[in-house]
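Have a look at the structure below before the remarks.
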Amino acid sequence: MSEQIRHPEPEAVAPTGEGEKIRNGGDLVVETLEALGTTTVFGIPGQHALGLFDALRRSGLHFMSSRVENNAAFAADGYSRVSGKPAALFLSTGPGALTALPGLQEAYATSVPMVVVASQVPVSGLGGARRGMLHQLDEQRRAAIDVTKSQRTVTHHAAIPTAIESAWVEAMTYPRGPVWVEVPQDVLLAKTEIPPIRTAVSAPTPEGPRPELVWAAVKLLAGAKRPAIVAGGGVRRAGAERALLALAEKLDAPVVCSPGGNSGFPVDHPLSMGSWVEDRAVTDLLADADVLLAVGTSLGEVTSNYFTLKPAGKLIHVDAEPRVLESNHPALGIACDAKAALDAFVAAFPAEAPAGRASGAERAAEVRKAIVARLDGQDLAHERAFMDAIRAGIPDEVPTFWDMTIAAYWAWNCWDGRSGGFHSGQGAGGLGFAFPAALGGSVALAEKRGAKLTDVDAAFSVGGHERVVAVAGDGSSMYSIAELATAVQHGIPVTWLIVDDGGYGILREYMEATFGQATHTELARPDFVALAESFGVEAQEVAVGDEVGYDELTDALRATFTADVNGPRVIVVKTHLEMFAMS
């Protein structure tokens, strides 16, 4: 059902002239976002977007000012993942809007809801006219076609509230994702006669799976002798973890999570195969299943162990994005969000299991044993101890954000997110995700726990209650190093673990394996500790390797969660990590 959110009267606009209260097109954007439940806006001011930012000062919204638009998009992404609601992102015209596209690609690929409001040149410059206006693009919104669900341009005040409301609902409609709305500079700045916006419809009408497809799927599952489940990121995005657990136990089916679905199923459960989708033993079990349920995943490159998965039995494929269904394998395709589908399966599932069904717990245990044996057969003691040290240093309930780095590739498979959850930039695979996304995630945690944020005082509680952890390599860290200033300005408690191996480590390894040597993977980089300290951020370096330093790394991470620490912290580890063999 649709939902109307009502907010109290907005504060009066600062008077001009003889008591006249001026509101502009920017106010209509901001007021509609507030009516929809927005509390924080991400972005960077720009000349054409000044009407938006002038309106922000007349609102109760908290603004998080990033330093690079791409990082602002990542921060909005992290906020949405933790809060569960669309993030609002304000962009300026031309270079500002274009710089955000890689971050929006990650949100689009990972179905993260977002309302993106970009300014545009004045109306007279639209339609391809080349008037030499600053930042002018022929068709700016076309640049966002591949990274947003839809794009629209608003050219008059009356259309703004509906456009923003529609964007919010579309962003939250499965498959979720970012929606682009652009408003010309003169429309944002012009005085409006439209009354303040106080109500808005914020929730899409939910859609369940088609009943005939549910019964067809349940019939297959109920009769399966060797069922198995692949749980993707859609399980976590839909909040379907409990339904997944209930179905897996009814089926007695082994479960493996994709990197995006990591932590969607309890790692310590007897049916769990963790997230080891890159292990041949897991791939073989999935291929051998007489009925394989893939839910909330495209069964894409990584999840299919680089397209080596060849299901021998029946495949039931559930995903909110219809375009991924049967994209790689013939299947019974069900276009639906994971929670609605799994709830329907559980409700319709018969009480008795068929005779002769193989023990799911035994099958999962055999796979876990094979994974350990494979790792034991490789020289990976350092990498395994390193990951264990990180896990031991972070409280169970703390969200972690991972960049595209070797540590993250390990985490895709072996990380136990526990109650905190796991977030990585594997959807689009661009660099620089972890730290800015963690900033947004921390803001969302603070709001969920009752903090009222302002630009002047971020109101984060001392004691690390909103502290989250970001993990990145030295190469990817340089994409977002400027956001240390953002973290300091807003007092955001993020612990940033930078794994410094002197270059693009995974590319070095790929090239050495393929060509015998690496080319242009080595990087000059700063003294990260000194650089962090120049921002006023506490930082330290921990030496790890040759069977030493793991306890020190754990202790360093734990120390950032003590009662007398607030704001950002940086921990630098100079070490070399290697990937495990995939089969």
* Asked: Given the rule in the side chain to side chain contact (heavy atoms under 4.5 Å, CB included) test, do H423 and T400 qualify, once you have shown the distances and angles that lead to the verdict?
  -> CA-CA 6 Å; H423 307 281; T400 57; over 6 Å; no
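Aromatic ring orientation, F433 versus F401: tilted (interplanar angle from 30° to 60°).
Salt bridge absent: D501 and K574 never bring a charged side-chain N and a carboxylate O closer than 4.0 Å. Salt bridge present: D500 and R525 bring a charged side-chain N and a carboxylate O closer than 4.0 Å.
Under the side chain to side chain donor-acceptor pair (under 3.5 Å) criterion, the residue pairs touching residues 233-261 are E249-H269, with sequence neighbours excluded.
The closest donor-acceptor contact from the side chain of S80 to the backbone of D77 lies at 3.5 Å or more, if one exists at all. In this structure a side-chain-to-backbone donor-acceptor pair under 3.5 Å is present from R391 to I394. Not one N or O on the side chain of D396 forms a donor-acceptor pair closer than 3.5 Å with the backbone of R418.
The only option from Y409, W412, Y306 that meets the side chain to side chain donor-acceptor pair (under 3.5 Å) definition with E278 turns out to be Y306. Remark: of the listed residues T283, N328, V230, T283 is the sole one forming a side-chain contact (heavy atoms from CB on, under 4.5 Å) with L309.
Summarising the geometry, atom CD belonging to E578 is positioned 7.5 Å from atom CG belonging to L380; distances are rounded to the nearest 0.5 Å.
By the salt bridge (Lys or Arg N to Asp or Glu O under 4.0 Å) test, E321 is found to be paired with R323, residues two or more places apart in sequence or in another chain being considered. With sequence neighbours excluded, no residue satisfies side chain to side chain donor-acceptor pair (under 3.5 Å) with Q517.
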